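Before any comments, here is the structure.
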Amino acid sequence: MRIDRSPRARTASFAVSIVIAIGAVLMLAPFYWLIVASTHRTRDIFSNPPNLVPGDQLWVNLTNLFVGEGFGQAVLNSTLVAAIYALLGGLVCTAAGYAFAKFRFAGQGVLFGTVLVILALPSQVTLVPLFQIMVQLNWLNTYQALILPNLALPFGIFLMRQTMQSVPDELIQAARVDGAGEFRIFAQIVLPTMRPALAALGIFLFLAQWNDFVYPLIVLRTSDAYTVPVALASMQGLSDTDYGQLLAGTMVSVLPVLGLFLFLQRHFVAGILAGAVKQ
């Protein structure tokens with residue numbers, strides 16, 4: 001393939017690079033301010049002109065956060081709930097996507113259409129019915145109240161169904177001819193080929209649970225059961241808020257998600273591209 005090295009092409013490439021660099025700076029600027037602000041006292045955060053140089057209060061803010069506020073328990077709760085939800089939700093969504101993509105059964109179109117309709121509904125619509133169900137099951141202030149209701153995530157089912165379309169039917173038929181059962185086909189043939197899509201789905205599910213605020217706020221009752229978003233919201237007082245401590249907690253809450261994304265970045269991009277193509 002011949003690359004165009006003309007002055008016009010080089011100028012266009014340079015212009016595109018400048019635009020991308022400016023966009024990157026604009027997107028990263030809030031994160032830089034978050035890190036800087038978490039190293040200052042509240043009065044220094046709101047100084048005029050803004051203080052854009054890191055201070056010396058990061059350790060103090062983190063100590064007050066984890067010792068005084070018990071923020072470590074919230075991080076542990078969120079990590080445990082999000083990890084279990086990602087694993088179980090990934091299994092449920094993958095199995096449902098496999099069924100929609102590779103099986104033919106009565107009412108399949110109607111059922112998949114229902115999934116798409118639910119995908120278009122705002123999550124706030126189900127808050128009251130979900131709360132009533134949790135009350136009847138006596139599940140308030142429990143992990144299962146956060147994990148079980150949304151395991152069959154409509155977006156996850158749609159993503160895996162689209163991705164499963166790329167698995168050759170001949171491969172599955174050959175396994176059936178060889179005597180493999182459906183569960184063995186799913187576990188040993190289908191799942192290994194779905195690793196990029198599973199990584200993408202796992203990140204989506206983990207983020208959905210990690211960032212969820214309204215529903216945990218409704219079903220959680222005690223501070224020792226709070227997840228990270230609810231714990232951060234509880235630090236905002238009516239008249240006095242330690243913003244240095246609050247922003248330090250926000251910075252800490254970003255680190256697990258950032259680490260997960262960096263670890264699965266390659267599979268995440270490949271999975272999104274695979275789910276966008278229907279064969």
Side-chain angles (χ1 to χ4, degrees), residues 17-83 85-86 123-124 146 199-200 202-218 220 223-269 272:
S17 299
I18 292 297
V19 172
I20 294 176
I22 294 174
V25 170
L26 292 177
M27 287 187 293
L28 292 175
F31 294 99
Y32 175 77
W33 184 85
L34 170 65
I35 296 173
V36 171
S38 65
T39 65
H40 290 287
R41 299 182 180 89
T42 299
R43 65 174 181 268
D44 297 325
I45 294 174
F46 295 100
S47 63
N48 191 15
N51 196 339
L52 300 180
V53 179
D56 58 355
Q57 293 297 306
L58 178 60
W59 181 252
V60 175
N61 290 334
L62 290 176
T63 301
N64 293 335
L65 181 70
F66 283 93
V67 177
E69 298 291 339
F71 190 69
Q73 182 64 45
V75 174
L76 179 62
N77 293 338
S78 281
T79 302
L80 183 62
V81 169
Y85 176 75
S123 59
Q124 291 80 5
L146 301 177
I203 291 177
F204 276 121
L205 293 175
F206 190 92
L207 283 176
Q209 188 63 257
W210 184 271
N211 293 328
D212 194 11
F213 170 67
V214 177
Y215 179 63
L217 180 66
I218 292 175
L220 298 179
S223 59
D224 61 336
Y226 283 172
T227 56
V228 167
V230 180
L232 290 176
S234 68
M235 296 179 192
Q236 302 182 49
L238 294 177
S239 58
D240 184 28
T241 300
D242 189 338
Y243 284 99
Q245 179 178 303
L246 179 63
L247 293 174
T250 305
M251 181 186 66
V252 170
S253 70
V254 174
L255 297 180
V257 178
L258 181 61
L260 178 65
F261 178 77
L262 293 177
F263 180 71
L264 298 175
Q265 181 179 12
R266 182 182 63 179
H267 296 298
F268 176 77
V269 175
I272 293 298

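Please read all numbers here as calculations on a predicted model, not as lab measurements.
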Taking distance alone, no hydrogens or angles, what donor-acceptor pairs closer than 3.5 Å link side-chain atoms of residues 245-253 to residues at least two apart or in another chain?
residue: Gln245; atom: NE2; partner: Glu69; partner atom: OE2; Å: 3.3
residue: Thr250; atom: OG1; partner: Leu246; partner atom: O; Å: 3.0
residue: Ser253; atom: OG; partner: Thr250; partner atom: O; Å: 2.6

N/O donor to acceptor pairs below 3.5 angstrom from side-chain atoms of residues 47-57, sequence neighbours left out:
residue: Ser47; atom: OG; partner: Asp44; partner atom: O; Å: 3.0
residue: Ser47; atom: OG; partner: Pro49; partner atom: O; Å: 3.3
residue: Asn51; atom: OD1; partner: Val53; partner atom: N; Å: 3.2

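Thr241 and Thr42 get closest at one heavy-atom pair: O-OG1, 3.8 Å. Contact detail for Val36 and Thr39: the closest heavy-atom pair is O-OG1, 2.5 Å. The two residues Pro216 and Val230 come nearest to each other via the heavy atoms CB-CG2, 3.9 Å.
With sequence neighbours excluded, the residues satisfying side chain to side chain contact (heavy atoms under 4.5 Å, CB included) with Pro256 are Trp210. Checked against ring-ring contact (aromatic ring centres under 6.0 Å, His included), Tyr85 has no partners two or more places apart in sequence or in another chain. Every side chain to side chain contact (heavy atoms under 4.5 Å, CB included) that Ile18 has, sequence neighbours left out, goes to Phe14, Ile22.
For the atom pair Leu28 CG and Leu34 CG, the distance stands at 12.0 Å (nearest 0.5 Å). Rounded to the nearest 0.5 Å, atoms CG (Asp224) and CG (Asn77) are 7.5 Å apart. Taking CG of Leu80 as the start and OG1 of Thr227 as the end, the distance is 12.0 Å to the nearest 0.5 Å.
Using a 4.5 Å heavy-atom cutoff, the side chains of Met235 and Leu65 are in contact. Between Val257 and Leu207 the shortest side-chain heavy-atom distance falls below 4.5 Å.
At least one donor-acceptor pair under 3.5 Å links the side chain of Asn64 to the backbone N or O of Val60. Remark: the backbone N or O of Val75 is not paired with any side-chain donor or acceptor of Ser78 at under 3.5 angstrom.
Among residue pairs with one or both ends in residues 24-71, those qualifying as ring-ring contact (aromatic ring centres under 6.0 Å, His included) are Phe46-Tyr243, Phe66-Phe71; sequence neighbours excluded.
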